[in-house]
Each structure stands twice: as structure tokens, then as C-alpha cells.
Amino acid sequence: MPKKSPAPTPATRRERSLEKTFEPASFEARWYGIWEREGRFQPAGDPEAPTFVMVIPPPNVTGRLHIGHAFGRTLEDILARWKRMRGHRTLWVPGTDHAGIATQMVVERELAKEGLDRRALGREAFIERVWTWKKQQGNVILDQLRRLGCSVDWSRLRFTLDPELSEAVRTAFVRLYADGLIYQGFRVVNWCPRCGTAVSDLEVEREDTEGTIWKIRYDVPGVSSGAVVATTRPETMLGDTALAIHPEDPKTAKLRGKTAVLPIVGRTLPVIEDPVLVDKEFGTGVVKVTPAHDANDFASGQRHGLETVVVIGPDARMTDAAGEEFAGLDRFEARKKVLARLQAEGRVVSAEPHVLALGKCQRCGTVIEPYLSKQWFVKIAPLAEPAIAAVERGDVRFVPEMWTKNYFGWMREIHDWCISRQLWWGHRIPAFTCANGHVTVSEVDPTACATCGNEELAQDPDVLDTWFSSQLWPFSVFGWPKETADLKAFYPTSTLVTAWDILFFWVARMIMAGLHFTGKAPFTDVHIHGLVRDEHGQKMSKTKGNVIDPLEAIDEFGADAVRFALAIFASPGANIPLARSRIRDYRAFATKLWNAARFTIAQLDGGPKAESLEGRALRLPERWILSRLHGTATEVNRQLEAFRFDEAAQALYAFLWHELCDGYLEMSKPVLSGREGTDEDRETVRAVLDETLRDALALLHPFMPFVTEEIWEKLTDAPGTLIVAKYPLGRADRRDKDAEKAISALRAVVTRVRNFRSERAAGPTEPVELRIDPKSPEAAVISRLEDLSALLTAMGRLSALSFSSEARGGVQDVVEGVAMEMSFPKKAAGADKVAISRKLADVDEEISSVGAKLRNSQFLEKAPPEIVEKMRRRLLELEERRAAL
RNA sequence: AGGCUCGUAGCUCAGGGGGAGAGCACUACCUUGACACGGUAGGGGUCAGCGGUUCAAAUCCGCUCGAGCCUACCA
């Protein structure tokens with residue numbers, strides 16, 4: 001519930017303190033609702049301000065949020081919230097993808113449960129079923145994005161099959177066709193017999209598989225030894241239409257100009273010479289040529305005008321052309337039978353194990369069949385060229401930069417893209433064939449053939465590869481090809497965040513399409529992140545049982561913990577190792593923040609605070625924590641500029657936990673409790689606590705939006721919610737080297753005192769007398785420590801503190817340039833649990849190494865003077881320390 | 001076959017030419033007035049190996065070994 005009363009008085013405004021226990025589920029949904037209702041996700045603010053625009057990588061519309069999505073979307077949301085707080089007009093466009101093959105397969109499976117088949121149902125009815133499925137199952141993932149806290153602009157939600165986006169697809173197809181960049185042709189393509197469709201090269205996953213390579217002898221009239229060919233797929237020989245040799249290979253020269261006889265079939269095969277197809281060094285030097293079932297053979301067949309004989313059909317069964325004996329057999333059955341025949345005829349010369357890179361369908365794992373068919377292709381080289389140039393010019397920048405090389409490598413050897421799919425769910429290809437066989441490609445359904453006027457038109461039955469529409473996403477979401485206000489205002493976008501596994505599928509194609517259709521690269525930065533793995537780097541899989549469901553994790557630990565864990569592990573270029581225990585660790589961090597806030601709020605309620613810190617004399621601890629706060633702010637912004645989510649998160653973690661909580665909160669207690677300081681000091685401390693916590697909440701908000709907003713509400717009476725607060729940039733005038741050095745020394749001295757107790761088996765409350773030598777190497781720090789006497793005494797639980805150079809037979813040491821001596825007034829010093837001799841050895845070792853450097857004339861001459869000076873000081877300190885020990 | 005990335009504490013990883021870091025795990029002590037999802041103190045590493053450049057190498061270069069990934073039409 002948003003606060004109602006305006007400007008409450010300090011006495012009443014914090015009536016509601018934070019609950020004792022931190023329960024993220026109690027407020028996450030409430031805050032998302034408030035942000036959404038208040039329109040915080042829409043671009044707002046100064047119309048002159050720079051924009052920051054992202055489009056979401058659209059997930060499958062019927063999919064569920066998995067941890068990989070959660071990772072990418074978390075990074076995007078961090079950027080969106082950060083930029084928004086920095087005053088950018090920020091827009092993050094959400095949407096979903098129709099995911100052609102994937103969705104169709106799911107629905108087909110559903111049908112199968114009912115004993116139905118899509119073909120039996122018919123195209124219309126089937127598509128109807130898919131839409132029904134989409135309505136039932138769809139958009140769950142969108143609610144899941146809400147749970148994660150994604151600040152996307154829901155008023156601009158898009159789906160790749162929306163009418164406007166479908167229009168964009170159609171326009172793109174027609175324009176590419178008109179430009180001569182889309183063509184139809186007979187080619188050997190990657191065919192999935194199970195899915196019943198062609199797929200692109202990228203959708204084939206190569207897997208090294210143990211197979212067999214057989215050597216088979218073909219008869220060659222006039223050559224007594226015949227020709228021995230090697231093959232891993234004997235069943236395809238039924239479709240051989242030639243043998244090929246290398247023109248410069250003496251081994252096979254005797255076959256030149258001859259004809260061979262195809263075993264089993266008896267067909268006459270010319271021996272052709274093809275230096276491209278044949279590698280002299282491999283196998284027997286003779287290659288069987290099967291133009292209908294191998295892409296290379298097909299190319300060779302084109303060069304030599306060979307016949308194509310299709311012996312394997314689209315269902316991976318042998319065709320009639322394979323001969324009566326084999327027709328109807330599955331390809332692998334046919335292989336066995338063919339081998340048996342060859343064996344019987346004594347033609348199998350050898351059979352040896354052979355590892356081959358077997359292509360499998362990315363969707364279903366079925367072995368891909370090279371299949372000769374008529375398909376639509378994008379002629380890609382002319383599109384790739386400007387896309388390469390754009391990256392070379394730096395118009396598009398990959399982060400981490402190493403991906404640039406991968407991009408260039410792939411783009412420079414890119415093959416034409418097969419875009420037709422023999423599916424029903426998707427964008428139908430806008431090509432119409434008339435009764436006379438002419439093809440008309442048009443943005444609106446034509447009524448007559450563009451070539452001959454024939455009115456009997458049939459639309460191409462195929463649909464487009466899903467990625468054909470995805471490549472248009474950064475501008476189709478804004479209404480392209482119409483020149484909409486959004487397109488003008490928000491295109492090109494700023495940053496794209498995605499995983500490396502779709503760099504070629506999607507990112508490269510968006511760059512090509514963006515440049516071709518809009519003349520502009522679709523984004524300037526591409527942040528490429530890794531994949532989420534388990535804590536040992538293993539892929540998550542149901543069978544391994546190591547899957548982390550982000551929704552379950554959110555239920556258990558809160559969205560903030562999930563987000564923070566993902567962010568802090570986001571090392572650039574690497575996969576991220578995640579385990580439930582790690583998410584739990586960052587819930588602990590949220591809890592820590594929660595408790596620090598409870599403490600702070602209680603203190604603020606305990607008395608008045610200074611209205612402003614400006615011009616107020618600050619004590620060292622206050623100067624220190626403000627310096628650290630602003631140092632952290634600077635660091636976080638710097639790291640986010642560089643997409644270093646991990647470093648930014650780490651800086652925040654370290655600051656909040658180890659400096660604010662472990663450091664300043666503890667230092668503030670003696671003053672706040674009234675044991676030390678004046679009322680004025682207390683007012684100052686309260687103001688510093690307030691300011692520091694506010695800024696820390698703001699800094700942390702992009703990472704942990706819910707808990708920070710919840711605390712912010714209780715802490716501040718400023719209007720508006722944290723999501724639109726100003727992001728702290730870090731003020732240089734708050735940096736204070738002097739205070740940082742002094743407090744650092746103070747903390748080191750306190751640590752040494754505690755360590756003195758613990759290594760001598762004394763309890764934590766055992767009184768200790770501390771003497772600090774004013775003639776310490778870091779003399780300037782000593783006077784600061786004198787100023788901090790009261791604090792030092794309290795933190796070190798000292799029974800006495802003196803500043804003197806007079807040794808008293810206690811235990812001496814030097815830390816951070818402060819020479820000190822400790823002793824127990826009530827207790828024998830006791831034995832040091834860590835042998836002094838070992839410490840001495842360490843110091844001696846370092847003295848000799850530093851000393852050696854300083855005695856090296858080369859070092860003195862060539863090393864930068866500040867390094868030499870540093871070494872001198874270090875040696876001095878080491879010697880002092882040695883004397884003390 | 002080519003290319004890329006990576007070998008740093010028990011685990012997972014930052015760092016990157018001048019004193020080896022973090023988180024978790026581990027050990028000891030502590031129910032101290034925000035927090036046991038906590039506090040305090042500590043143990044633990046020839047920074048894969050070999051060579052080179054340099055006054056100085058975990059860091060730059062080369063090679064070797066090991067791990068992972070991507071691309072490729074070797075029948």
C-alpha cells in the first residue's frame with residue numbers, strides 16, 4: 001500500500017518498522033503492482049534526455065521460464081533500472097516468439113495422445129488447435145518475468161505472429177525477393193525425417209559418432225581390379241550415378257575415361273574427374289557420387305551434368321527407385337540389406353571402425369538426411385558483407401570482445417540460408433504459383449499471376465523459419481515497415497543482451513536484416529553472456545537432477561536473491577556455475593541488508609538527526625564511510641558501463657557487508673548508545689546512517705529491486721518510489737584519502753588486538769593494554785588514531801591506551817605502519833599459538849627479498865621512483881616489525 | 001582439420017608486469033541490544049609445466065600437457 005499522508009513529521013513517519021524476519025514473498029508482488037500501476041516501466045522523463053532501449057530476446061510463447069532466461073532477463077533488468085535511475089528515457093520491449101518447430105511439435109504430441117495426427121486434421125484445423133494451445137498455455141512466461149521483477153513496458157508487448165509483425169515478415173520477404181536475395185531452388189538440404197521438414201545448417205547438431213567405413217569394389221570393364229570406394233552409408237549407393245577420381249592421382253589414373261558398373265543395380269557409372277570432390281590423400285582415391293543424397297555430390301553432379309536418383313524418401317524410407325528389394329525399407333534396415341548383398345557377392349573389401357560427425361536434428365535428435373528438394377533460400381553473402389563492415393567500423397560492438405572473432409569467422413564463410421519449412425505453424429511464404437507455373441511474390445494476396453494473368457493461383461504451402469521473423473524483431477516490434485513514432489523514437493536500440501548460443505541464429509541475422517531494411521545496425525552494444533550450469537559446470541538436465549527452477553528458487557529465497565546470485569556470478573564470456581546453496585547465500589545478503597536497515601531505522605527513531613551534512617564538521621568514521629560509499633558508487637557505475645555485472649555486484653556486497661555493517665555500524669554504536677560523543681555527534685551519525693543507507697539502497701536497487709524498495713518506503717519520506725530515484729554517481733568531494741587511511745589503520749590495529757587475545761587463548765572480553773608508538777613509520781596516522789582513542793578503546797575492549805615510545809615488555813608488532821605493544825594487565829602473556837619463529841621466518845624472507853631488490857643497481861636505475869620509494873618504506877616497516885617480534 | 005577460451009586456496013571463480021584475492025567450505029572462540037541467513041580470529045596456494053622478454057612475470061611471448069567450446073563437405 002503506498003503511503004497516504006504527505007510529509008509526515010519525524011515523530012510519526014516511521015510508525016511501521018520493518019518486520020523482524022525478512023520475508024521477500026510478503027512484498028515482492030505488491031511492489032511489482034505499484035510500479036506497473038504507476039507506469040514506471042514506460043519511457044518517461046525529460047524528452048530531451050538520451051534514450052536507452054532494449055528488446056527482449058522473445059521466448060517461446062508457450063514456454064516456461066528457465067534459469068537461462070532468468071539470467072539474461074536479470075542482466076537486462078539491471079541495465080534498464082540503472083539507466084532509468086540515471087535519467088535515460090528507458091524502454092524495454094517485451095514479447096514472445098511463435099517458435100515454429102518447437103510449438104508445432106508440442107501440439108502434435110498433444111494430438112498424438114488423442115490418437116490424432118495433424119495431417120488427418122488438416123491444415124486449418126491444426127492451426128486452430130495451435131492457437132487454442134497458445135491461449136491455454138501462452139504467456140505464462142510473461143507472468144514469470146513479473147515475478148523476476150523485469151521492468152518491461154507491457155503496453156508494448158509483441159508476439160511474432162501479431163498482424164503487424166506478420167506484415168513486417170511479409171514485407172521483408174517480398175523486398176528480399178525483389179532484390180534478388182531470395183530464390184527458390186532444388187538443393188540437397190538438411191532434412192529431418194521425423195519433423196518432416198528442411199532445417200538450416202545451424203539447426204543441425206554435429207555429434208561425433210562411432211560408425212563404420214566400408215570399402216566396396218565396383219566392377220570396371222577393362223580394369224581387372226575394378227574400383228574400390230569407401231563409404232559410411234552403403235545404402236546410398238543405390239542412388240550412385242558416377243564414380244569420381246582426382247585428375248592428378250596416379251593411383252586411380254587407370255580408371256580415367258572408363259565406366260563402372262553399380263553393384264546390385266547394374267547401372268553404368270561414368271568415371272568423372274573432380275579435384276574439388278576428391279581428396280587424393282583420403283581413402284581409396286575413388287569416390288562414389290550420389291547427387292541426390294549428399295550436398296557435395298550434388299554440387300559435383302551439377303558440374304558434370306549427372307543424373308540424380310532419389311533412393312531415400314522424406315520419411316527416410318527407401319523409394320521405388322532403390323529397387324523392389326529395398327523399396328519401403330527404413331534407411332538403416334536398407335543399409336544392412338545392401339551390405340548383406342554386397343557381402344554375398346564378395347564386394348566388401350573391408351569394414352573398419354570410423355568416427356564420423358553425424359548430424360542430428362536440434363529439435364528431436366533424429367539423424368538428419370541430406371535430401372534433394374525444392375526450397376527457398378536467402379542469398380546471404382550480399383547481406384553479410386555490410387554486416388561485417390558494420391562490426392569492423394565499430395557500429396556494433398560485442399562484449400566481451402572475443403565474440404567479434406567468432407562473428408567474423410562465421411560471417412565470412414556463411415552459406416545460403418534455407419528459410420522454407422514444411423510446417424504449418426508460422427508465417428506462410430507469400431509466393432503463389434499459377435497454373436502455368438509462374439511464381440508471383442506479393443505483399444497482398446494476388447488475384448492473378450503477375451507474369452501471365454492466370455487466375456488459378458496456389459500459395460506455397462511452406463512456412464518460414466522462425467528466425468526469419470526473429471531477425472526483424474528490433475524494428476518489427478516498433479511497427480516497421482510503417483514509419484511509426486516509436487520506430488523514430490526508439491530505433492535503433494541501444495543494447496542487446498543474449499547468450500552466445502544464438503549469436504549466429506539471431507544476433508548476426510538481426511545485424512544483417514537491420515542494415516538491409518533500415519540502413520541502420522539494430523543496436524550498438526551486444527552483451528553476450530554465458531549459459532547457466534550447475535556448480536560443477538555441468539549442463540543442467542532433468543536426468544542429472546541438477547536443474548534449478550527459477551520460480552521455485554524465487555519462492556524459496558526471493559527474487560532478489562536469485563537476481564543477485566546470477567549477477568555476481570556473471571563473469572564475462574564464461575558459463576555461470578549456479579547452485580541452490582549459492583542463491584541461499586545471497587538471500588543471506590538480503591537479510592543482512594534488512595537487518596542493517598532495521599538497526600538504522602531504530603536509530604533514526606531514537607532521536608533527531610542533522611538536517612544536512614553540508615558544512616558540518618564530520619568525525620573520521622563519518623568521513624570514512626561517506627568516502628567509501630562514494631567510492632563504491634563510482635565503482636559500480638564504472639563496472640556497469642563495462643557490463644561487469646559481477647564486479648558491480650561484488651563491490652556492493654563488499655561495501656554493504658564489510659564496510660557498512662561490519663565497519664561503520666559497529667563504529668557508530670558507542671556514539672548512538674550515548675557512551676561516547678555529544679548530542680551533536682549523535683545527530684550527525686544519524687544523518688550519515690540515513691544518507692548512506694539511502695544511497696546504498698539506490699545503488700543496489702537495479703540488482704535487488706524488491707527489498708530495496710520495501711526498505712526505502714520505510715526509511716524515507718521522499719515522494720515517489722526508489723525505482724525512479726536518482727542513481728548515485730559517486731561524489732568526488734566525498735572521497736577522503738586521509739580518513740580512509742586512518743580508519744583502515746584503526747581497523748587493522750583492532751584486528752591485531754583481537755588476534756592477540758585469540759592466539760593466546762584469552763576470551764574476547766579479556767582486558768588488554770595497548771601502547772602505540774608515536775614514532776611509528778606512518779607518523780601521520782598516529783595523530784589520527786589519537787583522535788580516535790575513544791573508539792579504539794571501545795572496539796578493542798582496551799583497559800588502557802597510551803601513546804608512548806617506552807616499551808613495557810609486552811608483545812610488539814607493526815601493522816599498517818603503526819608500531820604497537822599489547823599486554824594483559826591481569827593475565828600472563830601466555831604462549832603464542834602461532835610460533836614466533838614462523839612469523840620471524842616470514843618477515844626475514846620478505847626482508848631479504850625486498851633488500852635484494854634495493855641492493856640491485858638495475859632496479860634502482862630502471863624501476864619507477866615511486867616503486868623504489870615504496871620498497872624502501874616497506875623495508876623500513878619490515879625491519880621495525882622484526883625488531884618488535 | 002582449423003579456430004576460440006580456459007588451467008590461480010578443498011569447491012566455484014575474479015584479478016593481471018612491482019606486497020597472492022573473493023564467496024562458499026574448513027578450524028577455534030562468541031546467545032555482545034540490527035542480524036546465528038550472525039560476529040570475531042584463523043588455517044590453506046612453487047597462480048598446470050618448460051623456456052624467453054624484463055631491473056621485476058601468476059600477469060607479456062613461445063612451446064608442452066590438460067579441460068571445454070565453436071566451425072568444417074574428408075567419401
Side-chain angles (χ1 to χ4, degrees), chain A residues 18 20-22 188 201 206 213 229-233 236 244 276-279 281-290 294-300 354 356-357 370 400 402-403 405-406 409-410 413 500-501 503-504 533 535-537 557 561 568-569 571-579 581-582 584-603 644 646-647 650 653-654 661-662 665-666 669 673 750-752 754-759 761-765 797 833-834 846 849-850 853 856-864 866-868 870-871 874 878:
Chain A
L18 292 174
K20 175 132 177 68
T21 49
F22 165 62
V188 172
D201 292 348
R206 301 277 164 187
I213 186 162
V229 304
T231 181
T232 54
R233 302 201 54 198
T236 63
V276 179
L277 183 67
V278 185
D279 175 356
E281 312 305 321
F282 187 86
T284 59
V286 187
V287 178
K288 63 190 266 308
V289 186
T290 322
D294 182 282
N296 295 308
D297 291 9
F298 181 78
S300 180
H354 184 78
L356 59 156
M402 58 168 271
W403 292 107
K405 282 183 197 165
N406 276 40
W410 188 71
E413 286 185 39
W500 52 258
D501 58 342
L503 178 63
F504 305 144
R533 296 291 165 87
E535 73 241 76
H536 298 294
F557 304 115
I568 204 164
F569 289 124
S571 311
N575 289 337
I576 85 160
L578 191 71
S581 62
R582 300 186 169 190
R584 189 194 353 104
D585 295 339
Y586 294 101
R587 181 189 56 180
F589 176 57
T591 306
K592 187 76 180 173
L593 173 68
W594 183 265
N595 285 308
R598 286 179 58 221
F599 173 80
T600 301
I601 288 170
Q603 297 310 322
R644 288 306 302 263
D646 57 334
E647 293 285 345
Q650 227 144 54
Y653 183 97
C661 291
D662 294 347
L665 256 42
E666 295 306 320
K669 283 176 184 175
S673 69
V750 170
T751 296
R752 184 63 188 92
R754 289 166 175 164
N755 161 270
F756 169 69
R757 284 196 186 89
S758 101
E759 74 190 1
T765 55
R797 290 171 181 274
K833 282 200 279 184
V834 183
E846 217 184 324
S849 97
V850 175
K853 257 183 196 175
N856 181 343
S857 61
Q858 295 274 23
F859 172 73
L860 297 175
E861 251 171 62
K862 297 191 178 174
E866 64 270 22
I867 297 290
V868 177
K870 210 170 150 186
M871 288 298 159
R874 179 149 181 74
L878 283 165

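Keep in mind that what you see is a predicted model, and the values were worked out from it rather than measured. Labels below follow one simple rule: chain letters A, B, ... track the order of the sequence lines, proteins then strands, and each chain is numbered from 1.
In this structure, CG in A:L277 is found 7.5 Å from CG in A:D294, a value given to the nearest 0.5 Å. For the atom pair A:T591 OG1 and A:R598 CZ, the distance stands at 11.0 Å (nearest 0.5 Å).
When heavy atoms are screened at a 4.0 angstrom cut-off, A:V850 is found touching no nucleic acid atom at all. If you check every strand for non-hydrogen atoms under 4.0 Å, A:E535 touches sugar and phosphate atoms only. If you check every strand for non-hydrogen atoms under 4.0 Å, A:D585 touches sugar and phosphate atoms only. Residue A:I576 is classed as having no contact, given no heavy-atom separation below 4.0 Å to the nucleic acid. Residue contacts for A:A295: at a heavy-atom cut-off of 4.0 Å it reaches no nucleic acid atom on any strand shown. Residue-level contact check: A:T751 touches the backbone only, with heavy atoms under 4.0 Å from sugar-phosphate atoms and none from bases. Among the protein residues, A:Y586 comes within range of the sugar-phosphate backbone only, with heavy atoms under 4.0 Å from sugar or phosphate atoms but none that close to a base. Residue contacts for A:K669: at a heavy-atom cut-off of 4.0 Å it reaches a base atom on one of the strands shown. Residue A:D662 is classed as a sugar-phosphate contact, given heavy-atom separations below 4.0 Å to backbone atoms only. Residue contacts shown for A:L665 include a base, since a base heavy atom lies under 4.0 Å away.
In summary, the aromatic rings of A:F589 and A:Y653 are positioned with their centroids under 6.0 Å apart.
Comparing the P positions of B:C11 and B:C47 gives a spacing of 16 Å, expressed to the nearest Å. Going from the C1' atom of B:G3 to that of B:A9 covers 33 Å, rounded to whole Å. The C1' atoms of B:C24 and B:A14 are separated by 14 Å, rounded to the nearest whole Å. Nucleotides B:U31 and B:U40 are separated by 14 Å at their C1' atoms, to the nearest Å.
When the nearest nucleotides of RNA chain B are assigned to A:T600 and A:Y653 by heavy-atom distance, the more 5′-ward of the two goes with A:Y653. The residue among A:H536 and A:A596 whose nearest nucleotide of RNA chain B is located toward the 5' end is A:H536.
Of all nucleotides listed (B:C55, B:C35, B:U40), B:C35 comes nearest to the side chain of A:R598. Comparing B:A75, B:A14, B:C55 by their nearest atom to the side chain of A:R644 picks out B:A14. In the set B:C55, B:A34, B:A75, B:A34 carries the atom at the smallest distance from any side-chain atom of A:F599.
For A:K592 and B:C35, a side-chain-to-base donor-acceptor distance below 3.5 Å is present, hydrogens and geometry of angles not being considered. The base of B:A22 is not paired with the side chain of A:E647 by any donor and acceptor separated by under 3.5 Å.
Proximity of A:W500 to A:N575: side-chain heavy atoms (C-beta onward) are separated by under 4.5 Å at one or more points.
When Watson-Crick and G-U wobble pairs are counted only if both distances are under 3.5 Å, B:G33 pairs with no nucleotide at all. Pairing of B:A56, defined by two Watson-Crick or G-U wobble distances under 3.5 Å, is not identified with any nucleotide.
The residues A:E759 and A:R754 are annotated as not salt-bridged, no charged nitrogen and carboxylate oxygen being separated by less than 4.0 angstrom.
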